[in-house]
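So the structure is just underneath, and the comments pick up after that.
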Amino acid sequence: MTIRQRCPWCGHDPLYVAYHDTEWGRPVFERQALFERFSLEAMQAGLSWLTVLRKRERMRERFYGFDPDRLARAGSRQVESWLKDAGLIRHRGKLESLISNARCVRSLGDNFGELLWESVGGQPLINHFARMEEVPTTTDAARALSKRLKALGFRFVGPTMCYALMQSAGMVNDHLTSCDLHPERLNAK
């Protein structure tokens with residue numbers, strides 16, 4: 001499929017364009033893939049998404065492919081090693097939360113995905129925004145998810161992060177109505 005019109009946020013950077021075209025807004029249900037999206041969104045706090053995308057492959061290498069069961073067994077020695085790796089986002093709090101969040105996911109087991117998807121009733125929400133200015137940075141559902149995750153011990157899970165996760169994992173589809181990847185445009189083809 002040739003994509004002629006995209007959401008303007010992805011610009012022209014090939015990495016950003018590929019992310020927009022192949023991942024963003026597409027539903028993710030598998031536990032490890034969801035944990036990767038979750039972790040990347042938590043790492044993004046205070047940084048550009050492009051920075052996260054540029055470090056993603058190295059994070060996959062060093063973080064055991066974002067396998068929550070393996071990450072849950074990591075400790076201070078791994079954190080110290082990660083802090084020395086320029087290919088990673090070297091923020092102690094984020095790295096320590098990666099491990100503690102993995103432990104939370106491990107304790108939830110297969111219910112992690114269900115917990116996330118319950119926030120949208122189990123089905124992707126399809127929005128109909130014409131301009132980027134209309135797309136929210138958070139919603140009531142994201143605030144409720146944030147509160148629930150925090151109560152379970154998750155860290156770096158504010159409402160803005162939760163909404164970004166909902167977008168990236170396809171729980172919410174915020175492709176603009178002018179974008180070739182908006183579901184109504186896809187279905188019309």
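Residue numbers count from 1 along this sequence.
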Within the distance-only criterion (no hydrogens, no angle test), does the side chain of [X] pair as donor or acceptor with the backbone N or O of [Y] below 3.5 angstrom?
X: K150; Y: L145; value: no
X: T22; Y: A18; value: yes
X: R31; Y: G109; value: yes
X: W117; Y: V28; value: yes
X: E134; Y: R131; value: yes
X: S39; Y: F35; value: yes

Kindly indicate whether the side chain of [X], heavy atoms from C-beta on, has any atom under 4.5 Å from the side chain of [Y].
X: L47; Y: K94; value: yes
X: D69; Y: Y64; value: no
X: L152; Y: L115; value: yes
X: I89; Y: Q44; value: no
X: L83; Y: R92; value: yes
X: S146; Y: T138; value: no
X: P124; Y: N173; value: no
X: Y163; Y: R143; value: no

Residue pair D174 / Q167, side-chain donor-acceptor N/O under 3.5 Å:
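Distance-only check passes for D174 and Q167.
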Just checking, any donor-acceptor pair under 3.5 angstrom between side chains of S48 and T51?
yes
Over all heavy atoms of both residues, which pair between [X] and [Y] is shortest? Give the atoms and the distance, please.
X: L34; Y: L165; value: O-CD1, 4.5 Å
X: E41; Y: A164; value: OE1-CB, 3.2 Å
X: P68; Y: Q32; value: CD-CG, 4.2 Å
X: M166; Y: S119; value: CE-OG, 3.9 Å
X: F156; Y: G93; value: CE1-O, 3.5 Å
X: C104; Y: S107; value: O-OG, 2.7 Å

Can you tell me how far the CE atom of M43 sits from the NZ atom of K55, to the nearest 0.5 Å?
11.0 Å
Reported CG-to-CD distance for the pair L98 and Q78, which is rounded to 0.5 angstrom:
11.0 Å
How about CD on Q123, more than 12 heavy atoms from neighbouring residues, nucleotides or ligands closer than 6.0 Å, or not?
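Check fails, neighbour count at 12 or below.
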Please evaluate residues R58 and E61 with respect to the criterion salt bridge (charged side-chain N to carboxylate O under 4.0 Å, His left out), reporting the C-alpha separation (whole Å), side-chain torsions for both, the decisive distance (0.1 Å), and the verdict.
CA-CA 5 Å; R58 184 65 177 158; E61 291 171 20; 2.8 Å; yes
List the steps and the verdict of salt bridge (charged side-chain N to carboxylate O under 4.0 Å, His left out) for E80 and R77.
CA-CA 5 Å; E80 293 305 320; R77 187 173 42 219; over 6 Å; no
side-chain contact (heavy atoms from CB on, under 4.5 Å) partner of N127, the single match among V135, V172, T139
V172
Is there a ring pair (Phe, Tyr, Trp, His ring centres under 6.0 Å) between W49 and W24? Walk through the geometry before answering.
CA-CA 12 Å; W49 185 244; W24 193 72; over 10 Å; no
Does anything in residues 107-118 form a salt bridge (charged side-chain N to carboxylate O under 4.0 Å, His left out)? List the pairs, not counting sequence neighbours.
E118-R148
Sort and list the pairs that fulfil salt bridge (charged side-chain N to carboxylate O under 4.0 Å, His left out) and have at least one residue in residues 7-22, not counting sequence neighbours.
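Non-adjacent pairs meeting salt bridge (charged side-chain N to carboxylate O under 4.0 Å, His left out): R6-D21, D13-R54.
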In terms of ring plane angle, is the pair F66 and F63 parallel, tilted or perpendicular, where the classes change at 30° and 60°?
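Rings of F66 and F63: perpendicular, as their planes differ by over 60°.
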Anything under 30° is parallel, anything over 60° is perpendicular, the rest tilted; go ahead and classify F154 against F112.
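Taking F112 first and then F154, their aromatic rings lie parallel (interplane angle under 30°).
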List the steps, then state whether salt bridge (charged side-chain N to carboxylate O under 4.0 Å, His left out) holds for E23 with R56.
CA-CA 14 Å; E23 292 186 69; R56 185 181 197 182; 2.8 Å; yes
Is there a side chain to side chain contact (heavy atoms under 4.5 Å, CB included) between H175 and D180? Walk through the geometry before answering.
CA-CA 8 Å; H175 283 285; D180 286 346; over 6 Å; no
Answer yes or no: is there an ion pair linking R37 with E30, defined by an N-O contact shorter than 4.0 Å?
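No, no charged N to carboxylate O under 4.0 Å.
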Quick one: do S81 and R62 satisfy side chain to side chain contact (heavy atoms under 4.5 Å, CB included)? Show the steps, please.
CA-CA 10 Å; S81 174; R62 295 298 309 273; 2.6 Å; yes
Does R90 form a side chain to side chain contact (heavy atoms under 4.5 Å, CB included) with K84? I'd like the steps, not just the answer.
CA-CA 7 Å; R90 297 180 291 175; K84 295 173 187 167; 5.9 Å; no
hydrophobic_cluster_shared for L176 and M171, side chain cutoff 4.5 Å
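Yes, it is one cluster - the side chains of M171 and L176 are joined through contacts under 4.5 Å.
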